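Let me begin by presenting the structure, written as structure tokens, before commenting on it.
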Amino acid sequence: MKAETLLAADGLEAGYGGVQVLWGVDIAVLERETVVLLGANGAGKTTLLKTLLGLVPAWRGAISFLGEDVTRWRTDRRVRRGLVYMSEMAVFAGMTIEENIGIGGQSLSRSALRRRTAELYDIFPALGERKRALAASLSGGQRKMLGIAKALAADPRLLIMDEPSSGLSPLFVKEVIHVLARFRARGLTLLIAEQNIKFLKLADRVYTLDGGRIGFAGTVAAMHENDALRRAYFGLR
Ligand code: ATP
């Protein structure tokens with residue numbers, strides 16, 4: 001059976017003021033797939049993710065989600081449909097763990113949010129033990145876990161993550177990858193922007209973004225077969 005296309009962007013162009021950042025970006029994410037968007041600092045990853053969410057307006061091109069053209073939809077409408085974004089900051093430091101999860105799940109009914117929160121505390125027991133602690137009191141790694149829990153509280157059809165490794169030690173990066181692998185195994189669809197190639201472990205497919213343009217699209221195996229990409233991203237001859 002062919003997997004359904006959850007998200008597709010076609011010829012996307014966007015930028016800030018008069019400065020164009022994205023140049024004709026085509027990208028697709030199929031149901032249950034994990035797609036990693038690789039690119040250096042300033043390549044335009046954050047701009048692309050924000051454009052998919054409607055946080056940055058698309059100048060040209062189209063975005064479809066679950067078969068509907070969402071290009072002109074407001075962000076909150078996209079989120080309610082299941083397109084959920086986890087930014088690099090991910091959490092509100094001045095709020096408690098429980099409040100952050102509540103914000104993530106704000107579109108759920110009270111009873112659904114209660115059920116969802118209990119599930120999340122089962123998955124992240126360290127958060128459940130400290131529900132009333134401020135996010136600011138958590139370590140960087142725990143904060144990132146809270147960011148993931150907050151995003152999952154919205155019950156995403158597609159979770160879009162902006163550099164989940166940012167600010168984390170290698171040990172916590174490993175932990176984040178481990179947690180994401182568990183959700184992936186449960187059928188969660190993920191689009192992850194990263195510069196850390198460790199995330200390729202999770203990837204069904206990869207896009208590289210360079211100067212606001214897609215360079216390569218394909219599997220990790222195909223990336224390894226490409227000499228230029230191997231040198232650029234894996235530092236191997
Ligand atoms: P990083 O890993 O540093 O977040 P990135 O690949 O996510 O990099 P973007 O943040 O999308 O890249 O930035 C792409 C380009 O757009 C950069 O040249 C950046 O300076 C510019 N840019 C980003 N945000 C803005 C903004 N709010 N106003 C003007 N220019 C911006």
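Since the structure is predicted, the reported quantities are computational estimates derived from the model, not experimental observations. All ligand and atom numbering here is 1-based and tracks the order in the structure. Heavy atoms only: backbone and side chains are in, while hydrogens, waters and symmetry mates are out.
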Salt bridge flag under 4.0 Å for residues K50 and D162: no
E68: salt bridge (charged side-chain N to carboxylate O under 4.0 Å, His left out) partners, not counting sequence neighbours: R81
Taking every non-hydrogen atom, the tightest pair across L48 and L22: CA-CD1, 3.6 Å
Residues E194, S165; criterion side chain to side chain donor-acceptor pair (under 3.5 Å); working and verdict: CA-CA 7 Å; E194 261 300 340; S165 76; 3.0 Å; yes
A135 to L146 - nearest heavy-atom pair and separation: CB-CD2, 3.8 Å
Close residues, ligand 1: non-hydrogen atom nearer than 4.0 Å: Y16, V21, A40, N41, G42, A43, G44, K45, T46, T47, E88, E163, Q195
Electrostatic pair R231:D227 at N-O distance under 4.0 angstrom: no
